[in-house]
Amino acid sequence: MEKTIKVVIAGPRGRMGREAVKLAEETAHFELVGVVDHKFGGMQLSDLEGFTSNAAIYESMTECFTETNPDVLIDLTTPEIGKKHTRLALEYGVRPVVGTTGFSESDLKELEGLTEQKGIGAIIAPNFAIGAILMMKFSKMAAKYFEDVEILEMHHDQKLDAPSGTGMKTAELIASVRESKQQGHPDETELLPGARGAEFDGIRLHSIRLPGLIAHQEVIFGGNGQSLKIRHDSYNRESFMSGVKFAVEQAMKIDVLVYGLENLME
Ligand SMILES: NC(=O)C1=CN([C@@H]2O[C@H](COP(=O)(O)OP(=O)(O)OC[C@H]3O[C@@H](n4cnc5c(N)ncnc54)[C@H](OP(=O)(O)O)[C@@H]3O)[C@@H](O)[C@H]2O)C=CC1
Ligand SMILES: O=C(O)C1=N[C@H](C(=O)O)C[C@H](O)C1
């Protein structure tokens with residue numbers, strides 16, 4: 001029998017948090033011991049509409065950790081809060097599995113250092129969907145053969161961060177295997193600021209935000225007389241949950257910070 005993993009979820013009422021609560025309830029070897037929210041402290045989840053779990057709601061993460069002694073924190077909140085929660089989890093010896101996006105390179109460095117000090121596992125995954133991870137891996141492969149690439153990431157209009165975590169991670173993976181290149185015409189000018197999108201190491205990233213969308217990305221490579229498009233679509237948030245389950249299980253087996261689930265896959 002698999003050992004039970006005691007889980008706390010931060011952001012349980014959110015679009016992702018709700019799916020994660022379902023996942024924790026449906027997974028035999030996960031036990032949802034508490035949730036962290038900035039509202040409804042002192043109540044239990046089942047007091048809120050749409051929940052059946054009896055997990056207690058804590059407004060204070062430290063109180064939650066002290067009372068429930070969890071193995072893993074799943075954070076699905078907002079960029080600023082997610083960073084605070086991740087630090088706190090590491091300080092309390094709780095393994096963070098972070099889906100929250102919007103972390104900078106220096107945030108990641110700091111969290112890596114803290115993880116090293118603590119010697120416990122931590123996972124920061126800009127995208128938990130297997131298809132999105134493959135899209136990133138395939139993009140890295142293609143970048144060895146195509147120097148020019150632009151990334152279009154498309155999300156719902158409630159998203160706080162741009163570019164998306166997935167868009168950033170894709171750009172980083174591509175940049176890791178290609179010569180740095182300033183793309184487009186050297187004398188190009190933007191008649192409207194932002195027309196050419198954001199830039200990472202010469203790679204252009206375009207962020208589209210529209211109601212109706214969930215999470216989509218197209219990586220377009222251009223070469224002489226040809227183009228290659230690698231696209232992934234998440235049509236619902238259940239698409240992320242097998243990756244969340246995998247990440248929680250993996251976090252228990254490692255003692256470093258892993259940024260991106262592709263690093264834990266064959
Ligand atoms: N890695 C991945 O595969 C994926 C990552 N994401 C990322 O996950 C994060 C959450 O996304 P999503 O669920 O769509 O966002 P939502 O806005 O739906 O959910 C965020 C939740 O966090 C809550 N919250 C805000 N402040 C706190 C706090 N201090 N403590 C606890 N909870 C708090 C919000 O409450 P309230 O509404 O009351 O403010 C809300 O319920 C985002 O960063 C997103 O980019 C999303 C999808 C996939
Ligand atoms: O906010 C979202 O919805 C998503 N955020 C993640 C990101 O920023 O890449 C993952 C996925 O794209 C959905």
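For this chain, numbers begin at 1 and follow the sequence in order. The shown structure was predicted, so the numbers you read here are calculated from the model rather than taken from an experiment. Counting starts at 1 for both ligands and their atoms, in listed order.
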Quiz prompt | Taking atom 5 (C) of ligand 1 as the reference point, the nearest protein heavy atom with its distance | solution = G99 O, 3.0 Å
Quiz item: Is G14 in polar range of ligand 1, meaning some N or O pair under 3.5 Å apart?
Solution: yes
Quiz item: Do any nitrogen or oxygen atoms of P79 lie less than 3.5 angstrom from nitrogen or oxygen atoms of ligand 1?
Solution: no
Exercise. Would you mind listing which atoms of ligand 2 come within a distance below 4.0 Å of any non-hydrogen atom of P126?
Key: 6 (C), 7 (C), 9 (O), 10 (C)
Practice problem: For H156, take its heavy atoms, then give the atoms of ligand 2 lying under 4.0 Å from any of them. | Solution: 1 (O), 2 (C), 3 (O)
Quiz item: Applying the 4.5 Å side-chain criterion to the ILVMFWY set and letting contacts propagate, would F246 and I9 be lumped into a single cluster?
Solution: yes
Quiz item: Just which atoms of ligand 1 are under 4.0 Å from any heavy atom in K159?
Solution: 45 (O)
Quiz item: Does E238 offer a backbone N or O that forms a donor-acceptor pair with the side chain of N236 under 3.5 Å?
Solution: yes
Practice problem: Nearest 0.5 Å please: distance from the NZ atom of K84 over to the CZ atom of R87. | Solution: 9.0 Å
Quiz item: What protein heavy atom sits nearest atom 9 (C) of ligand 1, and how far off is it?
Solution: T77 O, 3.3 Å
Quiz prompt | Atoms of ligand 1, numbered as shown, that sit under 4.0 Å from any heavy atom of A125 | solution = 1 (N)
Quiz item: Taking only heavy atoms of V36, which atoms of ligand 1 are found under 4.0 Å from at least one of them?
Solution: 31 (C), 32 (N)
Self-check item: T27 side chain vs F30 backbone, donor-acceptor pair below 3.5 Å
Solution: no
Quiz prompt | Numbering as shown, the atoms of ligand 2 that approach T166 to under 4.0 Å (heavy-atom distance) | solution = 7 (C), 9 (O), 10 (C), 12 (O)
Quiz prompt | Element-labelled atoms of ligand 2 that are located less than 4.0 Å from some non-hydrogen atom of N127 | solution = 10 (C), 11 (C), 12 (O)
Self-check item: Under 3.5 Å: N/O of T78 near N/O of ligand 1
Solution: no
Exercise. Going by the side chain to side chain contact (heavy atoms under 4.5 Å, CB included) test, name the single residue among V219, V149, I151, V177 that passes it with S139.
Key: V219
Exercise. Pull out every atom of ligand 1 sitting under 4.0 Å from any heavy atom of L76, numbered as shown with elements.
Key: 10 (C), 20 (C), 21 (C), 22 (O)
Practice problem: Indicate, with yes or no, if L111 and L73 share a hydrophobic cluster defined by side-chain heavy-atom contacts under 4.5 Å among Ile, Leu, Val, Met, Phe, Trp and Tyr. | Solution: no
Self-check item: Distance from atom 44 (C) of ligand 1 to nearest protein heavy atom, with residue and atom
Solution: T101 OG1, 3.7 Å
Quiz item: Looking at ligand 1, does any of its N/O atoms fall within less than 3.5 Å of an N/O of R237?
Solution: no
Quiz item: Which heavy atom of the protein is the closest neighbour of atom 25 (C) of ligand 1, given with residue, atom name and distance?
Solution: H38 NE2, 3.5 Å
Exercise. Supply the atom-to-atom distance I220 CD1 to K229 NZ, rounded to the nearest 0.5 angstrom.
Key: 5.5 Å
Quiz item: Looking at ligand 1, does H85 have a heavy atom less than 4.0 Å from it?
Solution: yes
Quiz prompt | Atom indices of ligand 2, in the order listed, that fall short of 4.0 Å to a heavy atom of H155 | solution = 2 (C), 3 (O), 4 (C), 11 (C), 12 (O), 13 (C)
Quiz item: Going through the distances and angles, do E262 and K140 end up as a salt bridge (Lys or Arg N to Asp or Glu O under 4.0 Å)?
Solution: CA-CA 11 Å; E262 70 280 3; K140 184 178 172 184; over 6 Å; no
Practice problem: Tell me, please: is P126 in heavy-atom contact with ligand 1, that is, under 4.0 Å? | Solution: yes
Quiz item: Taking atom CD of E147 as the centre, does the number of heavy atoms from other residues, nucleotides or ligands within less than 6.0 Å exceed 12?
Solution: no
Quiz item: In ligand 1, which numbered atoms sit nearer than 4.0 Å to a non-hydrogen atom of M16?
Solution: 4 (C), 13 (O), 46 (C), 47 (C), 48 (C)
Practice problem: Could you tell me whether G17 and ligand 1 have an N or O pair separated by under 3.5 Å? | Solution: no
Exercise. Applying salt bridge (Lys or Arg N to Asp or Glu O under 4.0 Å), run through R13 and E49 and close with a yes or a no.
Key: CA-CA 10 Å; R13 285 177 303 107; E49 213 184 311; over 6 Å; no
Quiz item: Considering only the protein, which heavy-atom contact is closest to atom 3 (O) of ligand 1, and what is its distance?
Solution: F128 N, 2.8 Å
Quiz item: What protein heavy atom sits nearest atom 14 (O) of ligand 1, and how far off is it?
Solution: R15 NE, 3.0 Å
Exercise. Could you list the atoms of ligand 2 found under 4.0 angstrom from a heavy atom of T101?
Key: 6 (C), 7 (C), 8 (O)
Quiz prompt | Approximate separation, where rounding is to 0.5 Å, of D255 CG and R95 CZ | solution = 7.5 Å
Self-check item: Closest protein heavy atom (residue, atom, distance) for atom 7 (C) of ligand 2
Solution: G165 N, 3.4 Å
Quiz item: What do you reckon, does I214 have a nitrogen or oxygen under 3.5 Å from a nitrogen or oxygen of ligand 2?
Solution: no
Self-check item: For N127, the ligand 1 atoms whose distance to one of its heavy atoms is below 4.0 Å
Solution: 1 (N), 2 (C), 3 (O)
Quiz item: Looking at CG of L257 and CD1 of I120, how far apart are the two atoms once the value is rounded to the nearest 0.5 Å?
Solution: 10.0 Å
Exercise. Determine, step by step, whether K22 and E25 satisfy the salt bridge (Lys or Arg N to Asp or Glu O under 4.0 Å) criterion, reporting the C-alpha distance in whole Å, the side-chain angles of both residues, the deciding distance to 0.1 Å, and the verdict.
Key: CA-CA 5 Å; K22 261 193 248 160; E25 286 188 294; over 6 Å; no
Self-check item: For K39, atoms of ligand 1 separated by under 4.0 Å from a heavy atom
Solution: 38 (O)
Exercise. Looking only at non-hydrogen atoms, find the nearest pair between D201 and R178 and report the distance.
Key: O-NH2, 2.9 Å
Practice problem: Examine the proximity of ligand 1 to I81 and report which part, side chain or backbone, both or neither, has a heavy atom under 4.0 Å away. | Solution: side chain
Quiz item: Is R13 close to ligand 1, meaning an N/O of one under 3.5 Å from an N/O of the other?
Solution: yes
Quiz item: A215 heavy atoms, cut-off 4.0 Å: which ligand 2 atoms fall inside?
Solution: 11 (C), 12 (O), 13 (C)
Practice problem: Determine the sole option in V7, T68, T4 for which the side chain to side chain contact (heavy atoms under 4.5 Å, CB included) test with E31 is passed. | Solution: T4
Self-check item: Connected via hydrophobic side-chain network under 4.5 Å: M61 and F103
Solution: no
Exercise. List the closest protein heavy-atom neighbour of atom 1 (O) of ligand 2: residue, atom name, distance to the nearest 0.1 Å.
Key: K159 NZ, 2.9 Å
Self-check item: Cluster check F40, V36: I/L/V/M/F/W/Y, side chain < 4.5 angstrom
Solution: no
Quiz item: F240 to ligand 1: N or O pair under 3.5 Å?
Solution: no
Quiz item: Please state which protein non-hydrogen atom is closest to atom 23 (C) of ligand 1 and give its distance, to 0.1 Å?
Solution: G11 CA, 4.2 Å
Quiz item: Are M43 and V21 connected in the hydrophobic side-chain network, where two residues link if heavy atoms are under 4.5 Å apart?
Solution: yes
Quiz prompt | Donor-acceptor contact present, side-chain H216 to main-chain I214, <3.5 Å | solution = yes
